[in-house]
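Fair warning: this is a prediction, and the values are worked out from it, not measured in the lab. To find a chain, count down the sequence lines: A is the first, B the second, and so on, and within it residues start at 1. Values below: all heavy atoms of this structure, side chains included; hydrogens, waters and symmetry mates excluded.
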Amino acid sequence: MGKNPLLLMNIVDVIQEGVIKGIKALYGADITAEQVTMNSTRKEFEGDYTVVAFPFARIARKKPDQIAEELGGFLVEEVEEVEKYNVINGFLNLSLSNGFWREFLAGICEDEAYGQQPANGKKVMVEFSSPNTNKPLHLGHIRNILLGWSTSQILKTAGYEVVKVQIVNDRGIAICKSMLAWRKYGEGASPESAGEKGDHFVGDYYVLFEKKFREEYNDWQQSEEARKVFGQQSENGQSEEAFFKAFKNTYFNEYSLLGAEAKDMLLKWEAGDKATASLWKQMNDWVYQGFDETYRSLGVEFDKLYFESDTYLLGKDAIRKGLEKGVFYQKDDGSVWIDLSDVNLDHKLVLRSDGTSVYMTQDIGTAQKRFQDFGVDKMVYVVADEQNYHFQVLFEILKRLGEPYAEGLYHLSYGMVDLPTGKMKSREGTVVDADDLIAEVVEEARKNTAERDTISGLSQEEQEEVIRKIALAALKFFIIKVQPRKRMVFDPKESVDLQGQTGPYVQNAYVRVQSVLRKAGDQPLSAASAYQQLEPQEKEILNMLYSFPGLVQLAAEEYDPSGIANFCYDLAKAYHRFYHDHSILNAGTEAAKAFRLQLSRAVAHVLKQGMNLLGIEMPDRM
RNA sequence: GGCUCCGUAGCUUAAUUGGAUAGAGCACCUGACUACGGAUCAGGAGGUUGCAGGUUCGAAUCCUGCCGGAGUCACCA
């Protein structure tokens, strides 16, 4: 943190230590820091920090109120920063001295990096986004990307070296469907000739394939062959409709011409057929250009990409070694399994009887490769909660294989994003496209900004930049303020709201500070040290500023950015209220004015830092 | 059915990890600058924290059992 000696030791620790000494001196008992429960004093009471006296009742054999009273007296006497106290219902509320807060504020005004922890020498890899290359990104990816990005930012600020990666699912039957449809119906078209983003272009051929396939399937259902299949394979009383719905996969694999062509293409790809490989590369390159554009507009980037086409064969060595070590066992048919029933995870296949890999095999191999590549201490996988079981198993396996990073594995699991109308379903066309959504919020921000007419003095490009920042703040904040594990309802209408508990509300607090600072000009703020009587609202804000580094630490430990979002909102709210109730530039004294300018600057700095952790940029005007 | 997660105001959600009278926003109603930016502020109304027990000074939070919802239990990814 800062150079200010007062900041070297957290005041919470100082008080805790004081309490431990106090209990020893007053009652002769030894307690640990964990036994001292402390939190910020609630707004309706006077004080900065509160010590709960109830747990000491048994030790001291006195009533909590009396203990609090005695402890309060002791702390005021022994701890320099504690100025006074009051006791309510067994809660000891401590007020820190004005001098403490003044020095704290002066300290963070000097400290450009307030909130940034020193490097801890540990490296963590965060995997997120991880798209398939047969269709564009959608709302679900946006939640994933925002979580991954902000978690990376938070870990970096908490002192880790962070490596951001994605694993791109660039192979398999899905992309072959797009390739086939393009070859059959595309007539040599390209994203350029079609005037379309590459990922949408390729996605359209995927959809076209599905459409053609459905037509073929429907025609087939009228055929003699289909009647025979239905007669032989349908269960008692099963309707034709239900049967053919369930039969679709089998049809694709065993009867369909299109299906056969697609599968043939996959085989050719796996065999390294040149023409197939070059078509595959062409299609994927189009997709990546599209993805890059979306990533750019979201303001995210990656350090390294892993491609499944490179990694899908990895992991077999690890299985073999694991077999030798007795981690896995082999069945008579040659398939390899692991028995995890002792940890309630059942038996799981790790290698097919024909010796080919499954998903789990690749993931084992990929984890090992990543460790070889970067030597990371931790790996975080940002993946939706439908894969909870998969990651439990994967982590357990890596642990049993004795991987050095096994203790540092974390699945950042998040809930699906629902729409007010229900689940997103690609089949029903209810998927919210990422690019469309971004365009929509930008449009909304543009309308709002035009109505207010607050930035018309800026150049056209500058106005666009401000509008983009506002729009993305609205969208990102809306998503990231919800705890990851909770399933969330995404209302497109609410997501573009610019008032209330939103990103633009927080930005507005920052913009207000910038406006005040511009008006104040460049003047020395040393008069602040003469400011004597701090207002409760000023102390409240200082308290929040003080808690910021600890909050970042907590967010890093829990891999949960939502707390930072809520903190930024609370801080902005406190500042808005302060701004309304107290004049800054027309404050009663020079000391008050200087102090409040310092305070405003510190608030702006922490808001900017905090929002940066969420991937949200701050405009200077809006 | 087994396992996992979720259930807080009409809606979207907090709660410093077991602490004080469960806190915000949206929507609804009422107010506030000749003021440093009204994308703001203040007030009103809105709650049996799914239900029932238990643990203890104290429970939205921990335990048990129900109710409701979701996910997952493939030689798919």
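The side chain of Ile470(A) has A39(B) as its nearest neighbour among A39(B), A20(B), A15(B). Of the listed nucleotides (A39(B), G71(B), A20(B)), A39(B) has the atom at the smallest distance from the side chain of Leu498(A).
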What's touching nucleotides 75-77 of chain B from the protein side, N or O pairs under 3.5 Å?
{"unit_1": "C75(B)", "atom_1": "O3'", "unit_2": "Arg352(A)", "atom_2": "NE", "d": "3.2"}
{"unit_1": "C75(B)", "atom_1": "O2", "unit_2": "Ser353(A)", "atom_2": "N", "d": "3.2"}
{"unit_1": "C75(B)", "atom_1": "O2", "unit_2": "Ser353(A)", "atom_2": "OG", "d": "3.2"}
{"unit_1": "C75(B)", "atom_1": "N3", "unit_2": "Ser353(A)", "atom_2": "OG", "d": "2.9"}
{"unit_1": "C75(B)", "atom_1": "N4", "unit_2": "Asp333(A)", "atom_2": "OD2", "d": "2.1"}
{"unit_1": "C76(B)", "atom_1": "OP2", "unit_2": "Arg352(A)", "atom_2": "NE", "d": "2.4"}
{"unit_1": "C76(B)", "atom_1": "OP2", "unit_2": "Arg352(A)", "atom_2": "NH2", "d": "2.2"}
{"unit_1": "A77(B)", "atom_1": "OP1", "unit_2": "Arg352(A)", "atom_2": "NH2", "d": "3.4"}
{"unit_1": "A77(B)", "atom_1": "OP2", "unit_2": "Tyr359(A)", "atom_2": "N", "d": "3.2"}
{"unit_1": "A77(B)", "atom_1": "O3'", "unit_2": "Glu308(A)", "atom_2": "OE1", "d": "3.3"}
{"unit_1": "A77(B)", "atom_1": "O2'", "unit_2": "Asn169(A)", "atom_2": "ND2", "d": "3.3"}

Scan nucleotides 3-6 of chain B against the protein and return all N/O pairs shorter than 3.5 Å with their distances rounded to 0.1 Å.
{"unit_1": "C6(B)", "atom_1": "OP1", "unit_2": "Arg485(A)", "atom_2": "NE", "d": "2.7"}

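Using a 4.0 Å heavy-atom distance criterion, Tyr505(A) is classed as a sugar-phosphate-only contact. Heavy atoms of Asn508(A) sit under 4.0 angstrom from primed sugar atoms or phosphate atoms, though from no base atom. Note on Val52(A): a base of the nucleic acid sits closer than 4.0 angstrom, heavy atoms only. Arg577(A) comes within 4.0 angstrom of sugar-phosphate atoms only, judged by non-hydrogen atoms across all strands, and of no base.
An OP1 or OP2 oxygen of G37(B) is reached within less than 4.0 angstrom by a side-chain nitrogen or oxygen of Ser515(A).
For RNA chain B, each stem of at least three Watson-Crick or G-U pairs (distances under 3.5 Å) is given as range with range: B:1-7 with B:67-73, B:10-13 with B:23-26, B:28-32 with B:40-44, B:50-54 with B:62-66.
Using cut-offs of 30° and 60° for the angle between ring planes, the Phe252(A) and Phe209(A) rings count as perpendicular. Using the six-membered ring where Trp is involved, Tyr329(A) and His347(A) have ring planes that are perpendicular, over 60° apart on the 30 and 60° scheme.
Between Arg468(A) and Glu617(A) a salt bridge is recorded (basic side-chain N to carboxylate O distance below 4.0 Å). Salt bridge annotation for Arg446(A)-Glu464(A): present, with a cationic side-chain nitrogen under 4.0 angstrom from a carboxylate oxygen.
Within residues 579-590 of chain A, the residues having any heavy atom closer than 4.0 Å to RNA chain B are, in order of number, Tyr579(A), His580(A), His582(A), Ser583(A), Ile584(A), Leu585(A).
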Sequence-aligned protein contact record of nucleotides 22-28 of chain B, with B where the base is within under 4.0 Å of a protein heavy atom and S where only the sugar-phosphate is: --BSS--

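Listed by chain and residue number, Lys447(A) satisfy the salt bridge (charged side-chain N to carboxylate O under 4.0 Å, His left out) test with Glu444(A) (two or more places apart in sequence, or in another chain).
A donor and an acceptor atom never sit less than 3.5 Å apart when one is taken from the side chain of Asp418(A) and the other from the base of A70(B).
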